[in-house]
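The block underneath contains the structure these notes are about, expressed in structure tokens.
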Amino acid sequence: MQSYTIGQAARLLGVSPDTARRWADAGRVATHRDDSGRRLIDGRDLAAFAVEVGQGSHGEDQAPYTSARNAFPGIVTAVTLGDVAAQVEIQAGPHRLVSLLTREAVEELGLEVGVRATARVKSTSVHIDRG
């Protein structure tokens with residue numbers, strides 16, 4: 001299973017490393033140390049925590065001031081495989097993205113819960129809100 005440093009986790013969660021460190025210190029997400037003493041977060045634990053953080057940050061009073069970019073780096077939080085198709089969920093900071101793709105693509109990319117991935121969005125209809 002892939003593990004992430006506090007800095008990597010912070011980028012995936014869309015927060016500062018200090019915030020991620022405080023969350024780890026408070027026990028909100030479990031960490032362990034590698035052989036060199038770095039604190040790491042297991043990919044599955046980070047995926048579950050990313051969902052929790054994402055669900056808690058959709059308050060109406062927290063409207064963004066900028067338009068979202070077309071690339072959303074995040075962590076895979078769910079994979080549902082069918083015979084031919086698959087559904088993959090990515091938590092990118094407060095954003096939950098769901099993609100339908102082929103099972104073959106999921107297997108070729110090695111997508112599973114806890115793996116870092118980037119959702120790329122191309123659309124002819126993009127809505128921009130300013131809080």
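- Remark: E104 CD is loosely packed, at most 12 non-hydrogen atoms of other residues, nucleotides or ligands lying under 6.0 Å away.
- Counting Ile, Leu, Val, Met, Phe, Trp and Tyr side chains that sit under 4.5 Å apart, directly or through other members, V98 stands alone, with no cluster partners.
- A heavy-atom distance below 4.5 Å is not found between the side chains of F72 and R120.
- Hydrophobic cluster of L111: the remaining members, joined at side-chain heavy-atom separations below 4.5 Å, are V76, V79, L81, V88, I90, L101, V106, L109, listed by chain and number.
- The line from CZ of R44 to CD1 of I75 is 10.0 Å long, rounded to the nearest 0.5 Å.
- Between the OG1 atom in T5 and the CG atom in D34 there is a gap of 9.5 Å [rounded to 0.5 Å].
- In this structure, R28 places its CZ atom where more than 12 heavy-atom neighbours from other residues, nucleotides or ligands lie under 6.0 Å away.
- How far OG of S16 is from CZ of R21: 8.0 Å, rounded to the nearest 0.5 Å.
- A distance of 9.0 Å separates CG of L40 from CZ of R33, quoted to the nearest 0.5 Å.
- Taking CG of L46 as the reference point, atom CD of Q91 lies at 10.0 Å (rounded to 0.5 Å).
- No donor-acceptor pair closer than 3.5 Å links the side chain of E112 to the backbone N or O of G114.
- Here the side chains of L13 and W23 are in contact, with some heavy-atom distance below 4.5 Å.
- Ionic pairing of D25 and R39 is present here: one or more N-O contacts between side-chain nitrogen and carboxylate oxygen are shorter than 4.0 angstrom.
- Closest approach of T77 to A47, counting heavy atoms only: CG2-O, 3.5 Å.
- One hydrophobic cluster, built from ILVMFWY side chains closer than 4.5 Å, holds both I41 and V15.
- Residue A30 comes nearest to D45 through the heavy atom pair CB-OD2, 4.1 Å, listed as atom of the first residue, atom of the second, then distance.
- Listed here is the closest heavy atom pair of G74 and L12: O-CD2, 3.2 Å.
- Taking 4.5 Å as the limit, every side-chain heavy atom of E89 sits out of range of all side-chain heavy atoms of S99.
- In terms of heavy atoms, P17 sits closest to I6 at O-CG2, 3.7 Å.
- Distance check, rounded to the nearest 0.5 Å: CZ of R116 to CZ of R11 gives 7.5 Å.
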